[in-house]
Amino acid sequence: MSRRRFIAGNWKMNLDRAGAAGLISALRAKLPHDPGFDVAVFPPFPYLELAVNACAGSCISVGAQNCSHELKGAFTGDVSATMILDLGARRVLLGHSERRHVFGETDVIIAKKMATALGIGLHPILCVGETLDERKAGQTSDVVLRQLREGLAPVAAAQLASVTLAYEPVWAIGTGVNATPEQAGEVHSILRNALAASHGRATADSMRILYGGSVTPDNAASLLAVPGVDGALVGGASLDASKFVPILEAAQR
Ligand code: PGA
């Protein structure tokens, strides 16, 4: 089954107002109205509305990098899925390794966020990935399967069409050491086989699994050529149009 490719740029806590606007206009200038694959950017919260306006009428969709597990109330410093949707963004990253490892988010809280986001119509990208120690200890498959199972626990079968998965080995994020195509392919197969076992082969074959972790213009084509790698979640290289555009071009080929 052919799945539409998906390239997403996670800006993390980078850029300013002018930088965000400049980057989107540089991307718009290079992208046709329908490039044949999906493109999304994930700006910091303060620039979400700017990004939504700057992307209007283009093929670029906009998402937030996180959301609260609750929809409203006394949660100082949190941002709700409702607010994200209200600003016109349609996507959200959940379970990113920095949320898990820097901010201590557990599988339980990530599952609550999945339920909350999907419940109001946001399209999440659920990220999973092992640390270097876990890989060295032979626990990669156990870790990603636990994160997958817990993250999807509250998700109804009918909601799965709104979910994208991303395999992001923690040791590859921001390190310049990407997973090899073989390593990515192996974990993508593990994830897809688990989806087939839990939700049926047709559902598993319809879901997109992105790879993330030090994706660059140099390695994008070889990673995207792996069967089962349906796109990329790009951090550092998504901040600079001269790097992100060649990655988008690799997805187009
Ligand atoms: P990186 O980040 O491309 O800078 O390694 C990827 C990510 O965190 O999504």
Side-chain angles (χ1 to χ4, degrees), residues 5-15 19-20 23 27 37-45 47-48 51 60-67 84 89 91-105 110 113-114 117 122-132 134-135 140 143-144 147-148 151 163-181 183-184 187-188 191 208-224 226 229-251:
R5 279 182 169 162
F6 183 5
I7 307 293
N10 172 13
W11 296 358
K12 311 193 181 187
M13 198 170 70
N14 292 299
L15 300 177
L23 177 52
L27 297 179
F37 58 96
D38 292 339
V39 184
V41 293
F42 292 80
F45 285 127
Y47 307 132
L48 263 186
I60 308 169
S61 64
V62 178
Q65 298 170 16
N66 183 29
C67 71
I84 294 164
R91 300 184 183 276
V92 65
L93 291 182
L94 292 175
H96 187 276
S97 95
E98 286 143 25
R99 298 305 314 175
R100 292 179 190 268
H101 297 287
V102 181
F103 297 98
E105 288 189 12
I110 293 160
K113 292 179 179 201
M114 285 289 289
L122 277 182
H123 294 228
I125 298 182
L126 173 65
C127 307
V128 301
E130 82 288 0
T131 64
L132 189 57
E134 289 163 341
R135 173 164 281 266
T140 297
V143 170
V144 299
Q147 293 172 341
L148 179 72
V163 178
T164 301
L165 299 174
Y167 169 53
E168 296 209 305
V170 180
W171 48 271
I173 296 179
T175 59
V177 182
N178 58 285
T180 63
Q183 288 171 323
V187 178
H188 282 235
L191 292 169
R208 293 185 292 193
I209 310 178
L210 315 183
Y211 166 78
S214 296
V215 175
T216 65
D218 291 336
N219 60 30
S222 62
L223 286 160
L224 291 170
V226 178
V229 173
D230 303 310
L233 178 52
V234 186
S238 75
L239 294 171
D240 178 344
S242 73
K243 293 185 181 147
F244 199 47
V245 168
I247 296 171
L248 297 170
E249 285 167 352

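Atoms within each ligand, like the ligands themselves, are counted from 1 in listed order.
Atom 6 (C) of ligand 1 has its nearest heavy-atom neighbour, among Ser238, Ala232, Pro169, Gly235, in Gly235.
When each of Lys12, Gln65, Met13 is checked for a side-chain contact (heavy atoms from CB on, under 4.5 Å) with Pro44, only Gln65 meets the rule. Under the side-chain hydrogen bond (donor to acceptor under 3.5 Å, both in side chains) rule, Tyr167 has a single partner from Gln147, Glu130, His188, which is Glu130.
The two residues Ala166 and Leu233 come nearest to each other via the heavy atoms CB-CD2, 4.0 Å. Taking every heavy atom of both residues into account, Pro169 and Ala179 meet most closely at CG-CB, 4.2 Å.
At least one N/O-N/O distance between Gly174 and ligand 1 falls below 3.5 Å. In terms of polar-atom proximity, Glu168 is counted as a contact of ligand 1, with an N or O under 3.5 Å from an N or O of the ligand.
Under 3.5 Å, the side chains of Glu168 and His96 contain a donor-acceptor pair of N or O atoms. Thr216 and Asp218 share no donor-acceptor pair across their side chains, judged by distance under 3.5 Å alone.
The distance from ligand 1 to the heavy atoms of Gly236 drops below 4.0 Å at these ligand atoms: 1 (P), 3 (O), 4 (O). If you number the atoms of ligand 1 from 1 as listed, the ones under 4.0 Å from a heavy atom of Asn10 come out as 8 (O), 9 (O). Atoms of ligand 1 lying under 4.0 Å from any heavy atom of Ala172, numbered from 1 in the order shown and given with element: 5 (O). For ligand 1 and Gly213, the ligand atoms under 4.0 Å from any heavy atom of the residue are 5 (O). Atoms of ligand 1 lying under 4.0 Å from any heavy atom of His96, numbered from 1 in the order shown and given with element: 7 (C), 8 (O), 9 (O).
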Report task. For Leu93 and Arg99, run side chain to side chain contact (heavy atoms under 4.5 Å, CB included): C-alpha distance rounded to whole Å, both residues' side-chain angles, the deciding distance at 0.1 Å, then the answer. Result -> CA-CA 10 Å; Leu93 291 182; Arg99 298 305 314 175; over 6 Å; no
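The closest approach between Ser214 and ligand 1 falls below 4.0 Å for a heavy atom of the residue.
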